[in-house]
Amino acid sequence: MTYNELNEYILNYLENDKTNSAIMLTGAWGTGKSYYIENTLKPYIKDHKKDCIIISLYGLSELSEISKSLYIEAKLKKHLNFYNKLKSKIKNSEEGVILAKTIMKGATSYFGIDLTLSEKSIQKLYDSVDFKNRLIVLEDVERTSIDIIELLGYVNSLVEQDNVKVLLVCNEQEIIETKDENNRSKNLRNPEEIRAQFDIVYYYVKERRNERKTDRKNSIEYSDITNRYLKAKEKTVSDTIVFENDLNNTIFTVIDKFNNEILSGFSNQDVIDQLLSQYIKEKFNLRTFIFACQKTVNIFDYLKTNNITDEDFYKNIFFSIVYFSFYVKTAGNIPEWSGDEYCSSVFSSSYYPLYYFCYLYIKNQTMVAENIDNIVKHFTKNKLLFSGVEYHNNDISILEYYSLYSKDTVLNSLDSLIETLHNSTVPFSYYGKIIKAVVHFHELFDYDYTEIKELMKNWVSKHAEDIDLNYKFGIIDDVFDENALNEECKAFLTELKNVILDNSKKDCIDFDYNPDSINVFSNEISNKENLFADGKGFLSKLDNDKLFNMMKECNARQLYELYSIFLRVYRHGERELYGFDDIELKRRYSIDLESLKILVIKIDEYASSYSGDEIIGEWYIRICDNLNRVISVLQSEE
């Protein structure tokens with residue numbers, strides 16, 4: 001059912017149902033049942049001149065507490081503005097339940113009503129309330145401490161004797177148990193055993209299939225408690241509706257409620273369609289999404305003073321936090337950081353990597369974005385080169401799915417693409433699709449792609465230092481089935497690779513050996529591994545003595561920055577993450593072996609007699625340890 005259909009069904013139940021029975025809305029936790037009731041159903045009922053009384057059974061242990069809550073909601077709530085405001089802030093938690101009871105006690109005392117009376121007296125108060133044209137919604141049925149059979153008996157009394165219309169809201173799967181499975185669902189929800197869960201689930205699914213084959217009539221055998229529950233439910237509940245979350249509607253509503261100008265800019269169908277990847281659809285949890293929006297808005301507010309105008313940057317933050325929040329929800333904990341100094345696609349996606357300062361805010365509730373300008377520059381470069389955000393180009397789409405169009409349409413798209421390559425840019429990660437298309441068109445109808453090739457070569461020559469052939473260029477190769485890659489495509493790729501190599505090589509590195517310049521130097525060489533891909537090394541291009549003398553003048557932060565440079569340049573053993581391993585490290589940096597040994601000896605001797613700041617002394621040791629690991633790889637025989 002859509003939300004509109006569900007609204008109409010419930011309204012018809014309220015106005016016309018003669019069965020003297022309740023109805024049930026069931027769905028998994030976090031799918032948005034309560035949100036739908038409060039934000040969609042309740043206003044709809046009100047628009048039709050009816051009333052909706054919503055009671056959470058969470059934390060209630062006596063039936064009389066339900067009557068108290070109904071009485072307060074029906075009689076007193078409309079007179080208590082402070083009650084409404086506070087109640088809206090109460091969450092389903094132990095503290096929330098205590099606060100709710102405190103509010104009720106204060107409210108009733110204010111009006112001189114004593115709800116510490118006997119159950120008989122409470123019942124008289126309850127009986128004084130007219131529930132005509134009112135829908136009673138009892139939420140969190142599976143979370144109450146009241147015995148489920150007693151609760152259904154209470155509801156049955158409401159609907160049969162008092163002719164009250166009742167909607168029960170629950171996750172019924174948490175109520176129903178099969179024999180010998182009482183603890184099974186709890187075991188499967190252990191967040192630290194997510195990977196093992198698949199094996200457990202598969203085992204029981206297979207077991208159930210075998211049972212059905214053996215005895216289809218008795219494939220599911222319920223526990224005694226469940227059988228009692230089902231019998232009581234049959235008498236009390238006429239219809240059970242499985243809740244289906246309208247994700248689009250829910251997401252629009254949540255975003256609008258935050259009333260944030262930047263976040264509201266993403267409240268359109270195109271953006272939501274991009275956000276709702278299959279992963280999000282499968283894992284969707286409303287509370288998790290609201291959490292992600294809250295963290296996003298907090299970060300947006302923090303960034304207001306930085307005059308950042310790139311909407312794609314804000315979109316990247318929003319999407320990556322949503323993805324990461326669902327990642328954390330699935331994993332059950334916040335994992336250790338896995339990425340570079342700027343961002344990680346491990347916790348989000350390649351299109352929307354999670355930035356480190358966002359990760360720290362979610363993990364530690366502290367904002368650490370001192371170098372926000374560098375972060376924005378990193379994002380802008382990534383978007384330019386590798387499409388850090390999803391890139392939409394109708395011409396490329398037509399070329400990719402050319403078989404759905406006429407030849408004239410394809411030729412028009414090629415002309416338009418040439419204009420785009422002249423006037424702006426196409427992200428480097430999309431070059432593979434273009435190469436594949438134009439080479440095929442050359443074979444199919446003798447299309448001359450010389451101009452496109454020259455434009456692409458001109459572009460990569462300008463950005464050669466930012467392109468890592470061993471990692472980023474692999475994106476292009478991934479477009480093709482390598483076994484089916486024809487010679488013309490290979491030749492095209494080779495030409496581009498040669499342009500990148502020719503324009504990225506440098507015989508020396510510009511550095512003034514000033515401690516204050518280390519951060520600038522680090523940014524200069526960041527993600528420019530092709531500066532050293534020619535086998536001429538890194539440290540060999542620097543003046544060893546000047547570098548060591550500079551280190552003696554560095555403070556702790558500057559030594560950290562230098563340590564980070566060595567760590568990034570001489571990274572190894574992580575082909576999957578970084579694009580090259582120990583073999584590649586030796587190919588690139590074997591020439592640095594002697595320079596590394598000399599620098600380590602100098603630092604080690606200086607550190608052994610150093611008597612200054614202990615933290616600085618510790619950095620000398622860390623740098624030596626790191627460089628010694630590199631040396632051990634470079635001089636290994638394997």
Side-chain angles (χ1 to χ4, degrees), residues 3 32 35-36 38-40 42-43 84-85 88-89 91 245-277 280 284-329 342-343 347-349 351-384 387-392 424:
Y3 283 1
Y35 197 86
Y36 155 74
E38 189 66 42
N39 295 278
T40 302
K42 187 176 179 180
N84 287 329
K85 290 178 182 178
S88 67
K89 297 179 181 179
K91 305 297 181 184
N245 194 349
D246 182 345
L247 289 186
N248 282 349
N249 185 299
T250 300
I251 288 174
F252 284 133
T253 304
V254 171
I255 289 176
D256 291 343
K257 278 187 174 294
F258 277 92
N259 196 29
N260 179 275
E261 183 179 358
I262 301 175
L263 186 65
S264 296
F266 304 130
S267 185
N268 66 75
Q269 194 60 57
D270 287 342
V271 174
I272 299 306
D273 286 344
Q274 293 173 40
L275 177 66
L276 289 175
S277 65
I280 297 296
F284 190 80
N285 180 289
L286 182 58
R287 284 185 287 274
T288 302
F289 181 71
I290 294 173
F291 167 87
C293 288
Q294 183 64 67
K295 295 298 181 184
T296 299
V297 167
N298 293 348
I299 291 174
F300 285 174
D301 289 341
Y302 176 85
L303 296 176
K304 277 182 180 179
T305 59
N306 290 274
N307 298 318
I308 300 169
T309 58
D310 191 340
E311 291 183 3
D312 285 334
F313 181 68
Y314 290 112
K315 180 180 176 183
N316 192 112
I317 290 175
F318 175 42
F319 276 36
S320 65
I321 290 178
V322 170
Y323 291 151
F324 181 58
S325 298
F326 279 85
Y327 181 104
V328 171
K329 172 68 177 176
Y342 287 110
C343 61
F347 299 143
S348 183
S349 72
Y351 283 129
Y352 303 104
L354 179 72
Y355 276 85
Y356 187 50
F357 78 97
C358 297
Y359 167 85
L360 288 178
Y361 182 70
I362 292 172
K363 183 177 182 180
N364 302 325
Q365 296 79 53
T366 54
M367 191 68 68
V368 183
E370 299 173 355
N371 300 320
I372 189 65
D373 290 339
N374 289 336
I375 293 170
V376 174
K377 287 178 183 177
H378 176 275
F379 172 82
T380 303
K381 186 190 77 172
N382 198 53
K383 180 171 69 170
L384 174 72
S387 187
V389 295
E390 285 183 299
Y391 175 79
H392 300 282
S424 57

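- Residue Tyr3 is tested with Thr40, Asp246, Thr250, Asn249 for a side-chain hydrogen bond (donor to acceptor under 3.5 Å, both in side chains); the sole match is Thr250.
- Using a distance-only test at 3.5 Å, with no hydrogens or angles considered, no donor-acceptor pair links the side chain of Asp256 to the main chain of Ser264.
- Closest approach of Ile299 to Cys358, counting heavy atoms only: CD1-SG, 3.8 Å.
- Put simply, the side chain of Asn268 gets close to the backbone of Asp270: a donor and an acceptor are under 3.5 Å apart.
- Taking each heavy atom of Thr305 and Tyr302 in turn, the nearest pair found is OG1-O, 3.8 Å.
- Contact of the Tyr36 side chain with the Asn245 side chain is not registered, since no non-hydrogen atoms from C-beta on lie closer than 4.5 Å.
- In this structure, the side chains of Val328 and Ile362 stay at 4.5 Å or more apart for every pair of heavy atoms.
- Ser267 contributes atom OG, which lies 12.5 Å from atom CZ of Phe258 (distance to the nearest 0.5 angstrom).
- For Lys363, the NZ atom counts as densely surrounded, since its 6.0 Å shell holds more than 12 non-hydrogen atoms of other residues, nucleotides or ligands.
- Not a single donor-acceptor pair under 3.5 Å links the side chain of Tyr355 to the backbone N or O of Ser320.
- Atom CG of residue Leu354 and atom OH of residue Tyr323 lie 12.5 Å apart, to the nearest 0.5 angstrom.
- Between Tyr352 and Phe319, the two ring planes are tilted [angle within 30° to 60°].
- A cation-pi contact links Lys295 to Tyr361, judged by a cut-off of 6.0 Å to the six-membered ring centre and 45° from its axis.
- Here the straight-line distance linking atom OG of Ser348 with atom CG of Asn316 works out to 7.0 Å at 0.5 Å rounding.
- In Gln269, the CD atom is crowded: over 12 heavy atoms of neighbouring residues, nucleotides or ligands sit closer than 6.0 Å.
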Discussion item. I'd like to know whether Ile308 forms a side-chain contact (heavy atoms from CB on, under 4.5 Å) with Phe379, so could you lay out the CA-CA distance, the side-chain angles of the two residues, the decisive distance to 0.1 Å, and finally the verdict.
Written reply: CA-CA 12 Å; Ile308 300 169; Phe379 172 82; over 6 Å; no

Worksheet entry | Steps toward side chain to side chain donor-acceptor pair (under 3.5 Å) verdict (Asn39, Thr253) | CA-CA 8 Å; Asn39 295 278; Thr253 304; over 6 Å; no

Worksheet item: Are Val254 and Leu286 close enough, and set up right, to give a side-chain contact (heavy atoms from CB on, under 4.5 Å), and what steps lead you there?
Response: CA-CA 9 Å; Val254 171; Leu286 182 58; 3.9 Å; yes

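- Under the 4.5 Å side-chain criterion, counting only non-hydrogen atoms from C-beta, Leu276 is in contact with Asn248.
- Comment: Lys304 engages Asp301 in a salt bridge, judged by a side-chain N to carboxylate O separation of less than 4.0 angstrom.
- Counting all heavy atoms, side chain and backbone alike, Ala292 lies closest to Ile321 at O-CG2, 3.6 Å.
- For CD of Glu311, the number of neighbouring non-hydrogen atoms (other residues, nucleotides, ligands) closer than 6.0 Å is 12 at most.
- Atom CZ of residue Phe318 and atom OG1 of residue Thr296 lie 6.0 Å apart, to the nearest 0.5 angstrom.
- Residue Asp273 places its CG atom among more than 12 non-hydrogen atoms of other residues, nucleotides or ligands, all under 6.0 Å distant.
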Discussion item. side-chain contact (heavy atoms from CB on, under 4.5 Å) for Val376 and Asn306? Distances and angles first, verdict last.
Written reply: CA-CA 10 Å; Val376 174; Asn306 290 274; over 6 Å; no

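- Taking both residues in full, the closest heavy atoms of Cys343 and His378 are given as SG-CE1, 3.7 Å, listed atom of the first, atom of the second, then distance.
- For the pairing with Leu303, the side-chain contact (heavy atoms from CB on, under 4.5 Å) check across Ile317, Asn298, Ile262 returns one residue only, Ile317.
- Ring orientation note: the planes of Phe357 and Phe313 are close to parallel, at an angle under 30° on the 30°/60° scale.
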